[in-house]
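Written below as structure tokens is the structure these notes are about.
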Amino acid sequence: MPTPVNLPDPWARSKVGVVVPTYNEADNLPELARRVLGLELPELRLVVVDDNSPDGTGKVAEEIAAEHNTAARERVAVVHRTAKEGLGRAYVAGMTRALDGGAEFVVQMDADLSHPPGYVPQLLGTMLSTGAGVVIGSRYVPGGSLSEAWRPHRRLLSAWANTYVKTVLAMPIRDVTAGFKIWRREALEAMDLPSIQSSGYSFQVEMHYRAFTRGQKMVEIPIHFEDRREGDSKMDLAVQLESALRPFRMRAAERRARREAE
Ligand SMILES: Nc1nc2c(ncn2[C@@H]2O[C@H](COP(=O)(O)OP(=O)(O)OP(=O)(O)O)[C@@H](O)[C@H]2O)c(=O)[nH]1
Ligand SMILES: [Mg+2]
């Protein structure tokens, strides 16, 4: 990281925890870590959450940690989990670790370079200037875009998933399935992470819905979403089924809670 020259507050002292879940991302993680740790944010720390990836991502993460950590300062933490339990469970573990480590702001992003690390300062800046509880890197607000490499059927699937979730859950945001965002510590604490139900990708939707129903201020900023750099997608049938069913369960639970409160 370049030595910050007279870096003003709050940039100089904002404690940002960047949480990255990994499953078979050994070919992407070194480049992602290089770009995240190269940001001019001296109090940024990276938390990698690996589910015992067969391709050795956990070992790669340890090597990155050994390279960047000193006795005085831990810049990279690695959470090793024993089995593949889904992105949602990995995020709950990683976000909890970031909060325990003192993070004031928690970023979530994928390991495959779909979420360009260069947006992290913009997410942080927007959070600081708007006072939002969560700022979302959005593909679907003006200025947002998708990789040219995305074929029409993938664009359609993404657009359809967004419309589907919004129809069921009626949330006032454009990119309801977005996975690149920053949370304010207090907002994340109000999410009650241990009680999150989703194991897979519906984690993103469940977090948005919780933030919305609990009155958190949510702001979207446009991002360009890149195609995954290396490796394969982890989206399987079980994950897709959960993503289709979970919104109905969320809505039912919310309605039940509202009835009980009346
Ligand atoms: N720890 C952990 N990480 C996971 C799991 N499933 C997915 N991930 C990670 O979550 C992030 C998003 O998964 P992707 O496979 O990129 O999902 P996607 O972006 O919908 O699919 P592509 O566009 O094909 O990349 C990546 O960093 C994955 O390595 C899991 O079960 N455990
Ligand atoms: Mg991806």
Side-chain angles (χ1 to χ4, degrees), residues 18-33 35-36 46-62 64 76-98 107-117 119-120 136-140 145-162 164-165 175-181 193 196-207 223-244 246:
V18 177
V19 180
V20 180
T22 58
Y23 194 75
N24 287 348
E25 303 287 3
D27 292 337
N28 290 314
L29 192 59
E31 173 66 6
L32 179 90
R35 286 166 61 179
V36 168
L46 177 63
V47 180
V48 178
V49 192
D50 187 65
D51 280 7
N52 200 13
S53 297
D55 77 344
T57 306
K59 190 164 166 281
V60 171
E62 287 296 349
I64 293 167
V76 181
V78 188
V79 179
H80 294 282
R81 293 158 55 78
T82 50
K84 184 174 185 330
E85 284 188 328
L87 166 154
R89 301 262 67 86
Y91 263 128
V92 169
M95 290 169 143
T96 305
R97 175 65 177 266
V107 172
Q108 34 172 141
M109 65 192 295
D110 293 352
D112 58 5
L113 296 160
S114 283
H115 298 148
Y119 287 115
V120 169
I136 300 166
S138 176
R139 298 162 292 184
Y140 300 125
S145 53
L146 278 170
S147 163
E148 295 296 317
W150 270 37
R151 303 249 168 263
H153 78 274
R154 271 199 83 184
R155 289 171 186 270
L156 209 65
L157 185 67
S158 174
W160 182 83
N162 250 279
Y164 172 78
V165 170
D175 196 344
V176 284
T177 58
F180 191 17
K181 51 205 141 180
L193 289 172
I196 287 285
Q197 300 289 312
S198 302
S199 22
Y201 294 70
S202 58
F203 172 77
Q204 313 294 8
V205 173
E206 188 170 357
M207 290 290 280
I223 61 151
H224 175 70
F225 184 95
E226 303 275 3
D227 203 11
R228 100 171 357 265
R229 180 73 67 89
E230 306 285 344
D232 302 317
S233 175
K234 280 88 209 173
M235 179 77 81
D236 57 22
L237 188 64
V239 162
Q240 287 178 35
L241 268 179
E242 186 192 33
S243 302
R246 187 65 70 188

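Values below: every heavy atom of this structure, side chains too, minus hydrogens, waters and symmetry copies. Note that the structure is a prediction, hence the values are computed from the model and not measured. Ligands are counted one by one from 1 in listed order, and the atoms in each one are counted from 1 as well.
Put simply, the side chain of Val47 does not reach to within 4.5 Å of the side chain of Val20, judged on heavy atoms. With contacts defined as side-chain heavy-atom distances shorter than 4.5 Å, the pair Arg155/Arg151 does not qualify.
Legend: protein N/O/S atoms lying under 2.8 Å from the Mg ion (ligand 2), waters omitted, number 1.
Inspection of the Ser198 and Glu206 side chains reveals an N or O donor paired with an N or O acceptor under 3.5 Å. Looking at Gln108 and His115, their side chains never bring a donor and an acceptor atom within 3.5 Å of each other.
Aromatic ring pairs are classed by plane angle as parallel below 30°, tilted from 30° to 60° and perpendicular above 60°; the pair Tyr91 and Phe203 is parallel.
Taking any N or O of Phe225, backbone or side chain, none lies under 3.5 Å from an N or O belonging to ligand 1. In terms of N/O distances under 3.5 Å, ligand 1 is not approached by Asp232. An N or O contact shorter than 3.5 Å is missing between Val20 and ligand 1 by distance. Below 3.5 Å of separation, one finds an N or O of Arg228 facing an N or O of ligand 1. Between Ala90 and ligand 1, not a single N/O pair is under 3.5 Å apart. In terms of N/O distances under 3.5 Å, ligand 1 is approached by Asp112. At a 3.5 angstrom cut-off on N or O pairs, Glu25 counts as close to ligand 1. Here's the thing with Tyr201: one of its N/O atoms is less than 3.5 angstrom from an N/O atom of ligand 1.
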